[in-house]
Amino acid sequence: MVDYSVHGQVAVLEVNNPPVNAFSHNVRVGLDRSIDKAIKDTNVKAIVICGKGRTFPAGADIREFDQPHKEPSLTLVFEKLEKTTKPVVAAIHGTCLGGGLECALFCHYRIAQKTARVGFPEVQIGILPGAAGTQRLPRLTGLHVAMDMITSGRHIFAPEALKYGIIDEMFTGDVINAGIKFAKSVMNKPLEDRCLMNKTVKDADQADQIADEFMSLVKRKYKGFEAPIDCVKAVKASATLPYREGLKMESRLMQKLLLSGQSAAQRYAFFSERAVSRWKMPGGNFQTAKPLPIKSTAVIGAGTMGTGIAVCLLNAGYQVYLLEQNQKFLENGVKTIRGIIEGSVRLGKTPMAVAQKAATLLKPTMKYEDLADVDLVIEAVYENLSLKREIFSKLDKLCKPTTLLCSNTSSLDIDRIGTATKRGDKVAGMHFFAPAYYMRLLENIYSTQTSPTTAATIMDVGRKIGKVSVLVKSCQGFLANRMRGPFAVEAYFLLEEGSTPQEVDSVMENLGMPMGPFKTGDLSGLDIGYKIQTELAKSKGVELSVDSKFLMGERISTLTRTMYDNGRLGRKTGKGWYRYEKPGGKLATPDEEEILERLMYSCINEGFKILEEGVAATPEDIDISWIYGFSWPKYLGGPMYYANRIGLDKIYQRICYYHENFPYSSHWIPSRLLLKLSENKVPMSQWCSGTDSKL
Ligand code: 3HC
C-alpha cells in the first residue's frame, strides 16, 4: 500500500493504492509505518511523499465513510510529518485532492508537475476538509483564496497553486527524481518556518467581513446545501481561534456533516455518476464493446439545440459541419455559437486557445454533400417524425457506410427513425438538455437495432465533451422526459383543482429544486407541451378540441391548450404562468404534502416502470438523469434514492391511493416492480432491471 525505498539519503514513500491512491485504512497504516521507519533510519536525511501510477493521493477513501472508523486517523498520521526534524517534500502529480492535499499541507515543502491539480472537493460530497485542511490552507493562502477553494471544491492547476503559495515549485519530468532532487536541496535548512501550524492567517483582521461575504454567497449559490455553510464557519475559525481550537471546531462540524443525510446522498450521487458509465444493453456492455474513433462531426439544424450541441463538440476539439437550409438561419446559428463561446471565454470558463481552435473547426454549410465523410451526425431539427425520417434516409444514402447517425429527439422512437435507413445498427439517440452547452446530462438511446459499438461510441463522445452520459432503451419519452411526464401533468391537474402555480412551485423549491414546474415551464416555453400533446393525439388519429379532457381514455389538462391559445408561452412572450391570475376555483387547495406526493410519487412510480421495462438498467441511471438533466438537488440523491429513504411501503400505498382517486391517469397504475421490491424488502443496491423476474 506504501512502497518504501531509500535513494542515497532520501527516503521515498510512494502511495500505491490504485486507481486514485485514496487513503484507505491499509494506506494509513502503511504510511504510518513508513514514516516511522524513515524517521528512525539515521541514514535518511529527508523524506519524499508521492503517489504511484497516475496520481498523488486523491483523498480519503470515500467508500469507508459508511463503515466504523479504524485508527489511525489521517490527522494522526500526518502530524508525524510536520513534527519530524527531517524535511518532508510532497512531490505532486495528477490530482492532489482532499486528504491528499491535507497530507501535502503537513509536509514542509510541496512541488508539483505543471499539469497537476490540487483542490478540496469535499464540499461536493457534503463534508469539509476534516484532516486540518480548513485550518492549514488559510495559513498558506489567506482567507479569501481558502474560502473560495473550500466552498466551491474547485480544482486548480499547478501554476495557479504556485501563485497562491500552495506549492513552492513546479517541475517537469519524473516525479520521484524531482522529489529527490528537491529534497537534497533543502536537506539542512531550518524547518520551524515551514510548519504551517506555527503560522498565522495573513488577512485574519478581515475575518468577519470575508466570512460574511462568503456566507451570503454560498447561501445564494448553493441554496439548501449544508456543507458550504459549515466550510465557511470552519475556515473562519482558522483566523479567529488558535490552531488546536480551530481543529476542534473543524472536527465538530465534520462529525455533524458526516452524520447528516445530505452527505450520504451526495456520496451516493458521486458513485452513481461513475456507475452509469458502466453501461449495458442487450448484446454488449462497456467492457465488451469498443468505441469507434470520431474526428469529424455534423450537426443538422442551427436552432437553440443544434447550436448548443455544436458548442459542446467544438470545445472538445471535434470538427463540426453545421448544416441549415437557408443562409439566414445558418448565419444566425454561427453568430449564436460565437456568442456562446465568447461569453464563456469572458467568464474564464473556456481558455482562449480552445476558443480560437473552435473557430477553425466550425464549418457552416447548406449542402448535405459536405457531410459525406463525417464520422458522426447529430440531427437537431424540430420534433417531427416524418421530417426526421426524411433527413435520415437522405443521410443514409450520401454518408460513408461507417458514419453514425444520431438524433437529438427528446421523445420520438429511435426504431422508427432507424428504419428510414439501411444502417439501423448505426442509428441512435443523443438527447441533450437545454441549454446543451451547459446542462451536463446526455441521454444516449439505443433502439432494437443499435449495435453495442454504436452505443460505446456515443458514450465515449459524451465523456469527451464533458457530459455525464446515461444509456437507455428507446421508448416514448425515454428515461428523463418519460419520468418527468407525470410531474408536469400532475402540476397542471393540481391547478385545475384549485392550487396556484406559486404554491406548487414553492413546494418543489422548498424540497430543493432550483425551480418549480411552472417556472421551468415558463423558461422552456409553454408551446412545447401543447405541440407534444397535439402530435401525440395526431399519431393516435385523434383531433383534440378546446375542451378535450381525455385522450384515448387518459385524463389530459385543458390548460395546455388555454395557455397556448392565449399566447402565454412563458418568458419568451413575457407572460406565462407568472402573469396568470389566480383562478377563483371552488375546489379546496390541496395541502403541501399532496402537492409533493402527486408530483414526486407519480414520477417515482414511472421510474420503477422504467426499471421494470429495462429502459434504464439501474436506479443510478435514473437518479443521475435527474441530477444532471433536471438539476435535482444532489443532497437528496435523486428520486429513486429519495424513494428508498421514504420507504417503498409508504410510496406504494400512496400510489395506490392516488390510483383509486385518479383512475384516468395511467401514470398512477402502480408499478409491479415497486410492489415486489416493497413486499420483499429488497435493498436498493439490488434494484435493477431484471430483479423483477427473480422475485
Ligand atoms: N475514494 C474512493 N474511491 C474513489 C475516490 C475516493 N476518494 N476517488 C475516486 N474513487 C474511485 C471512483 O469511484 C472510481 O471507481 P470505479 O472505477 O469503481 O467507478 C475510480 O476511483 C476512478 O475514479 P474516476 O472514474 O472518477 O476517475 P477520474 O480519473 O475521472 O477522476 C478524480 C479522478 C479526479 C480523483 C475523481 O475520482 C475524484 O474527484 N475523486 C474524488 C476526490 C475527492 O472527493 N477527494 C476527497 C475525499 S474526502 C476526504 O479526503 C476527506 C478528508 O478531507 C478528511
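Whatever order the structure lists them in is the order used to number ligands and atoms, beginning at 1. All residue numbers refer to positions in the sequence shown, counting from 1.
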In ligand 1, the atoms that come under 4.0 Å of a heavy atom of Gly130 are 53 (O), 54 (C)

Going by the 4.0 angstrom heavy-atom rule, the piece of Pro19 near ligand 1 is side chain

### Message
Is atom 30 (O) of ligand 1 touching the protein, meaning some protein heavy atom lies under 4.0 Å away?
### Response
no

Counting heavy atoms under 4.0 Å, the part of Thr95 that contacts ligand 1 is side chain

In short, Leu74 meets Ala131 closest at the heavy-atom pair CB-CB, 4.0 Å

From the list Phe65, Phe56, Phe78, ring pair (Phe, Tyr, Trp, His ring centres under 6.0 Å) with Phe23 holds only for Phe78

Of Leu361, Val461, Asp375, Leu376, the one forming a side chain to side chain contact (heavy atoms under 4.5 Å, CB included) with Tyr318 is Val461

Taking the six-membered ring of Phe270 (Phe, Tyr or Trp), confirm whether the NZ or CZ of Arg274 is under 6.0 Å from its centre and within 45° of its axis.
-> yes

For Arg63, the atoms of ligand 1 under 4.0 Å from one of its heavy atoms are 13 (O), 15 (O), 18 (O)

In terms of heavy-atom contacts, Gly638 and Trp632 come closest through N-NE1, 2.7 Å

Checklist line | Heavy atom of Arg54, distance to ligand 1 below 4.0 Å | finding: yes

In terms of heavy-atom contacts, Ala207 and Leu143 come closest through CA-CD1, 3.6 Å

min-distance protein heavy atom vs atom 36 (C) of ligand 1 -> Arg274 NH2, 3.9 Å

Q. Is there a side-chain contact between Val20 and Arg54, using heavy atoms and a 4.5 Å cut-off?
A. yes

Of Arg28, His69, Lys70, the one forming a side-chain hydrogen bond (donor to acceptor under 3.5 Å, both in side chains) with Glu64 is Arg28

*May I ask you to check if Lys37 and Tyr4 form a cation-pi contact, with NZ or CZ under 6.0 angstrom from the six-membered ring centre and within 45° of the axis?*
yes

If you scan protein heavy atoms around atom 52 (C) of ligand 1, the nearest is Glu102 OE1, 3.3 Å

>> Quick check: Ala58 and ligand 1, any N/O pair under 3.5 Å apart?
In response: yes

Short version for Phe270: what comes under 4.0 Å of ligand 1, heavy atoms counted, is side chain

Heavy atoms of Ala211 and Lys236 approach each other most closely as CB-CD, 3.5 Å

Quick note on ligand 1: atoms under 4.0 Å from a heavy atom of Phe271 include exactly 13 (O)

Quick note on ligand 1: atoms under 4.0 Å from a heavy atom of Asp61 include exactly 1 (N), 2 (C)

Ligand 1 to Gly98, heavy atom cutoff 4.0 Å, flagged ligand atoms 46 (C), 50 (O)

Atoms of ligand 1 under 4.0 Å from any heavy atom of Gly59, numbered from 1 in the order shown, are 50 (O)

Quick look: Phe120 vs ligand 1, heavy-atom contacts under 4.0 Å, and the answer is neither

Polar atom proximity, Glu122 to ligand 1 (N or O, under 3.5 Å):
yes

- Nearest protein heavy atom to atom 2 (C) of ligand 1: under 4.0 Å? yes

Of Asn17, Asn21, Thr75, Leu97, the residue with the heavy atom nearest atom 34 (C) of ligand 1 is Leu97

In short, ring pair (Phe, Tyr, Trp, His ring centres under 6.0 Å) pairs touching residues 210-242 with sequence neighbours left out are His144-Phe214, Phe225-Tyr635

For Pro129, the atoms of ligand 1 under 4.0 Å from one of its heavy atoms are 53 (O)

Out of Ala60, Gly119, Ser24, the nearest non-hydrogen contact to atom 47 (C) of ligand 1 is supplied by Ala60

With Asn21 as partner, the option from Val27, Val2, Thr55 fulfilling side chain to side chain contact (heavy atoms under 4.5 Å, CB included) is Thr55

Judged by heavy atoms only, the candidate from Arg278, Glu273, His155 nearest atom 16 (P) of ligand 1 is Arg278

Within-4.5 Å side-chain heavy-atom neighbours: Tyr438 and Val311: no

For Met254, is at least one N or O under 3.5 Å away from an N or O on ligand 1? no

Checking heavy atoms under 4.0 Å, the part of Val20 that sits near ligand 1 is side chain

Atom 44 (O) of ligand 1 sits nearest the protein heavy atom Pro121 CG, 3.5 Å

> Distance under 6.0 Å and angle within 45° of the ring axis: does Arg136 meet both against Phe106?
Replying inline: yes

